[in-house]
Amino acid sequence: MLIVLGPSPASGGAAAPPDEWSAVVVPDGEGAPEPAVRFRRAQAPDVVRGLPARLGAEAAQVRWVLASVAEAYAPWIAAGVHVDRCWDLGLVQRILTRAASAPGSGVGPTGGSGGAGYRPVCEIPVLEPEDPAAHPRHDPAQDAFFDLPGAAQTGPDALMLAAELRAQRAAVEHSAHPHRLRLLVAAESQGALVAAEIRAAGLPWSRPVHEALLAEQLGPRPPEGERPARLQALAERIGAALGAPGMNPDSQPTLLRALQTAGVTVESTRQWELNRWIEQGGAARQERAALLAPVMEYKALARLWTANGWHWLDQWVGQDGRFHATYLVGGVVTGRWAAHGGGAMQVPSGVRDAVRADPGWTLTVADASQVEPRILAAMARDEALARAGTTPDLYREVAEQGRAAGTALADRARAKVALLGAMYGATTGDSAALMPHLRRLYPAAIGLLERAAAVGEAGGQVSTWLGRWSPAPDEEWLASVADVSTQAAESSARRRRRSAGRFTRNFVVQGTAAEWALCWMGEIRRRLRAAGMATQLVFFVHDEVVLHGPAEEAEAVRALVADAATAAGRLLFGQAPVDFPLTVASMGSYAEAK
DNA sequence: GGCTAGTGCCAC
DNA sequence: AAACGTGGCACTAGCC
């Protein structure tokens, strides 16, 4: 059963009160959807709790349809209301709108078996949870200002949302692969629930551990506006060593000039280039390393200070000792999640020790191994690569196969570089040189990547396994690749085609891996709920999850997470031709992972 | 004061 | 501009 929740529509010519919502039950068969219940928006959790029984339905059978789960769900969680299933109209609209621009999707106006093509009934912006529009402030003066006739203060009403739902369902059913797109819709929507729940739970973060770590590396917390003592001392040493006393190492132009004046022949101040200069020193390597040691140390510590220092702690770790990461489901063009605020997707390994389980609880960290090449093997139905994908260490097995075939892909490191390079579109170096060997060993897999690249170079769109499409190139791109008026224009056109090809090449793999991860988390969530466990998902980074729960649940949780990974593979690929093994362990500190 | 571009580093 | 994909974010410099 589908129940749409949204702002009440006008009735009898009278506008509904601004904070009134309606529940619209969408019948399975014929019949128009009708508002079944009207309620104040703040009462939504009670409605969600009570309405299914009043309609004679099991709560677990209801799919709640919302314009934006990110916007609506947080107060429900706060009220202790969790739902099993939902349909996020905004997230699905984004997927369908993009698909509609791709001729092969079956979603657009030209394709489809009987569908007229997907056109949104109403625009549903994908709001960030921080977006002021997601949390309208109740300032009466503002209300008066926005209460103009026709002002879309509350967005589409529940009946419009029901109509949009209808359009979305039709588009899915008429698409090229309805069962896959259905899964994507369910997984993306479930992802929105997971993201909101992770944010609400938060990653347990020990302020004392973090502060001790900062004190150890940077010295005591400095007064506002001053550098920490260790950094200040290093800045002075750098100035002295480079013959530029008083210089500010935070100023890249200043530092670069000082380095060059001191005979350090680099063109940037990047760490890798400084390291390369040291390596090239021959007999003078020691001297060079000693000269640049304070610079390197300054860079590392300055990064810690600015990215994850005391300010970060104050801003992102509240009194509850949790880091509440805000995830943007499908926020990356490939479908990966993005994060907003606090750098949640880039918590450096150096500060992960501050992530500590509560007393009596434990962190379970699960990291999926080599997801992308496994995904590639499964998508391409590449038998040989899939064989490697049934082993725990895919790269090692690829090296075995490479050695047996007498190719240069004879050790694990080369196998890894070659495969990653193939998925990223490497054109130089070791990985490009190994491509012919890879192509011979895995013609189906490499063929899939090269076809995806060719589509991108030609300005076309590609799709993930479940049906998330890459964007169509914009006018500017089309014009630039058509411009062959000069040699410079022609080479620029070629460069941009290649770049688009690398993007689509990577898109199919990265995007499908993101779909696997989405299903993985959905399965974890479903199983945790079914088992009635207290353990919660508290963190996610592309192919890694962190759960936090009572120590006595840990053993079951490890098994549950691994089972969920297998189930996700089955959901995508049926009897999955590859395995999705995990490195999974329970621990007190996140730093113990890997 | 705000804004953008450039730079550099973190994660996968 | 580091070869080779996706991002976020902090800082400086230089503009209005």
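In what follows, chains are A, B, ... by sequence order, proteins preceding strands, each numbered from 1. Keep in mind that what you see is a predicted model, and the values were worked out from it rather than measured.
At a non-hydrogen distance threshold of 4.0 Å, A/Arg502, A/Phe503, A/Asn506, A/Gln510 from residues 488-522 of chain A come into contact with DNA chain C.
The distance between atom CD of A/Gln346 and atom P of C/dA10, rounded to the nearest whole Å, is 9 Å. Between the CD atom of A/Glu372 and the P atom of C/dG5 there is a distance of 13 Å, rounded to whole Å. For the pair A/His542 NE2 and C/dT6 C1', the computed distance is 7 Å after rounding to whole Å. Spacing between atom CG of A/Leu274 and atom C1' of C/dA2 amounts to 14 Å, rounded to whole angstrom units.
Between the side chain of A/Thr504 and the main chain of A/Ala500, a donor-acceptor pair closer than 3.5 Å is present. Of the possible polar contacts, none joining the A/Thr464 side chain to the A/Thr512 backbone as a donor-acceptor pair under 3.5 Å is found. The backbone N or O of A/Ser470 sits less than 3.5 Å from a side-chain atom of A/Gln461, completing a donor-acceptor pair.
The C1' atoms of B/dA5 and C/dA3 are separated by 24 Å, rounded to the nearest whole Å.
Between A/Thr254 and A/Asn248 the shortest heavy-atom distance is CB-O, 4.1 Å.
Here A/Gln271 lies in heavy-atom contact (under 4.0 Å) with sugar-phosphate atoms only. Contacts of A/Ala339 with the nucleic acid, taken as non-hydrogen atoms under 4.0 Å apart, involve only primed sugar atoms and P, OP1 or OP2. If you check every strand for non-hydrogen atoms under 4.0 Å, A/Gly421 touches nothing. A/Gly342 comes within 4.0 angstrom of the backbone, heavy atoms only, and of no base. Across all strands, A/Gly425 comes closer than 4.0 Å only to sugar-phosphate atoms, never to a base (heavy-atom distances).
Mapping A/Ser268 and A/Met423 onto DNA chain C by nearest heavy atom places A/Ser268 closer to the 5' end of the strand.
Paired with A/Ser480 under the rule side-chain hydrogen bond (donor to acceptor under 3.5 Å, both in side chains), one option of A/Arg496, A/Glu475, A/Arg497, A/Arg495 passes, and it is A/Arg496.
At a threshold of 4.5 Å between non-hydrogen side-chain atoms, the residues A/Leu478 and A/Asp474 do not count as touching.
Under the salt bridge (Lys or Arg N to Asp or Glu O under 4.0 Å) criterion, the residue pairs touching residues 499-525 of chain A are A/Glu197-A/Arg525, A/Glu523-A/Arg526, A/Glu523-A/Arg527, with sequence neighbours excluded. Residue pairs satisfying the side chain to side chain donor-acceptor pair (under 3.5 Å) criterion with at least one member in residues 411-423 of chain A, sequence neighbours excluded, are listed as follows: A/Asp393-A/Arg412. The salt bridge (Lys or Arg N to Asp or Glu O under 4.0 Å) contacts involving residues 424-442 of chain A comprise A/Arg439-A/Glu450, where partners must be two or more places apart or lie in separate chains.
Listed nucleotides: C/dG8, C/dG7, C/dA3. Nearest to the side chain of A/Thr428: C/dA3.
Stacking of A/Arg322 on the aromatic ring of A/Trp205 is not recorded, the 6.0 Å distance cut-off and the 45° axial limit not both being met. Remark: A/Arg227 is not positioned above the aromatic ring of A/Trp305, lacking an NZ or CZ atom under 6.0 angstrom from the ring centre and at most 45 degrees off the axis.
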Just the table, please: protein N/O against nucleotides 11-13 of chain C N/O, every pair under 3.5 Å.
{"residue": "C/dA13", "atom": "OP1", "partner": "A/Ser251", "partner atom": "OG", "Å": "2.7"}

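The outermost nucleotides of DNA chain B lying under 4.0 Å from heavy atoms of chain A, listed 5' to 3', are B/dT7 to B/dC12.
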